[in-house]
Amino acid sequence: MKWLIGLYPRAWRKRYLEEFKSLLEDSPKGWRTGLDVLRGAMDAQSRTPGLMKRLLPAALVLLADLIIGWLNYHAADDVQPVAAALIIAGFGFTFWRPRLAWVFVAVLWLAVPASSIVGYATNYHPGVAKPAPLYETLVALVPTALGAGAGLFARWLPKRAS
């Protein structure tokens, strides 16, 4: 159960670790104590400054994924809005956080196959006689990677010029 202490923020552990270890030794061993320690770790993490800074990229990427997936789900023959959204999102997120470029590319790209799966599950294929899921999934990787590459280049260019 002591491994659960690692879920607490570093600053919290630095201040309370020894006291908390002795409290755990005196506590009854069981799932309720483990659940209480887990709940305390979640509470301590939520009160840690900078939590929103860590969660903001994930929330924004998921929102972009939902929008791209919605566009792909409702796309008929015209997939330019989906490609444009993938390019813009890939560029924006990679320019914002270049070290996470590979994560952004993968997560943004997954919006297309995920929306296709939903389309197959609901038997919804507007304007397409026979969709090709593997083809559209592979093609979606191209604008996502191009946008991310442009974002990295735009981030790198000013550093190179100076």
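All values below come from the heavy atoms of this structure, side chains included, with hydrogens, waters and symmetry mates left out.
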For [X], check side-chain contact (heavy atoms from CB on, under 4.5 Å) against everything at least two apart and list the hits.
{"X": "Ala114", "answer": "none"}
{"X": "Ala84", "answer": "none"}
{"X": "Asp36", "answer": "Arg39"}

Apart from [X] itself, what residues make up its hydrophobic cluster when side-chain heavy atoms of I, L, V, M, F, W and Y under 4.5 Å apart count as a link, directly or indirectly?
{"X": "Val142", "value": "Leu146"}
{"X": "Leu110", "value": "Val105, Trp109, Leu141"}
{"X": "Ile88", "value": "none"}

Examine [X] and [Y] and state if one hydrophobic cluster contains both, with Ile, Leu, Val, Met, Phe, Trp and Tyr joined whenever side-chain heavy atoms are less than 4.5 Å apart.
{"X": "Leu108", "Y": "Leu63", "answer": "yes"}
{"X": "Trp96", "Y": "Ile87", "answer": "no"}
{"X": "Tyr16", "Y": "Leu38", "answer": "yes"}
{"X": "Leu23", "Y": "Ile5", "answer": "yes"}

Of all heavy-atom pairs between [X] and [Y], which one has the smallest distance, and what is that distance?
{"X": "Ile68", "Y": "Ala111", "answer": "CG2-CB, 3.8 Å"}
{"X": "Pro81", "Y": "Leu71", "answer": "O-CD1, 3.9 Å"}
{"X": "Ala140", "Y": "Leu86", "answer": "O-CD1, 3.6 Å"}
{"X": "Thr94", "Y": "Ala101", "answer": "CG2-CB, 3.5 Å"}
{"X": "Val107", "Y": "Val61", "answer": "CG1-CG1, 3.2 Å"}

Nearest 0.5 Å please: distance from the CZ atom of Phe91 over to the CZ atom of Phe104.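 Result: 13.5 Å between the selected atoms.
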Kindly state each residue pair satisfying side chain to side chain donor-acceptor pair (under 3.5 Å) with at least one member in residues 141-157, sequence neighbours excluded.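 Non-adjacent pairs meeting side chain to side chain donor-acceptor pair (under 3.5 Å): zero.
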Take Phe95 and Leu152 through the side-chain contact (heavy atoms from CB on, under 4.5 Å) test and state the conclusion after the steps. CA-CA 6 Å; Phe95 185 80; Leu152 285 172; over 6 Å; no
By side chain to side chain donor-acceptor pair (under 3.5 Å) - contacts of [X] (at least two apart):
{"X": "Ser22", "value": "none"}
{"X": "Ser115", "value": "Asn72"}
{"X": "Tyr73", "value": "Thr122"}
{"X": "Trp70", "value": "His74"}

Using the salt bridge (Lys or Arg N to Asp or Glu O under 4.0 Å) rule, collect all pairs that involve residues 15-28, keeping only residues at least two apart or in two chains.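 Checked against salt bridge (Lys or Arg N to Asp or Glu O under 4.0 Å) - neighbours excluded - the pairs reaching residues 15-28 are Lys2-Glu25.
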Angle between ring planes, Trp12 versus Tyr8, binned at 30° and 60°: parallel, tilted or perpendicular?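 Parallel, since the angle between the ring planes stays under 30°.
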Could you go through the side-chain contact (heavy atoms from CB on, under 4.5 Å) check for Leu100 and Phe93 one step at a time? CA-CA 8 Å; Leu100 297 175; Phe93 285 116; over 6 Å; no
Check whether Thr33 reaches the backbone of Lys29 with its side chain - one donor and one acceptor, N or O, closer than 3.5 Å.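 No.
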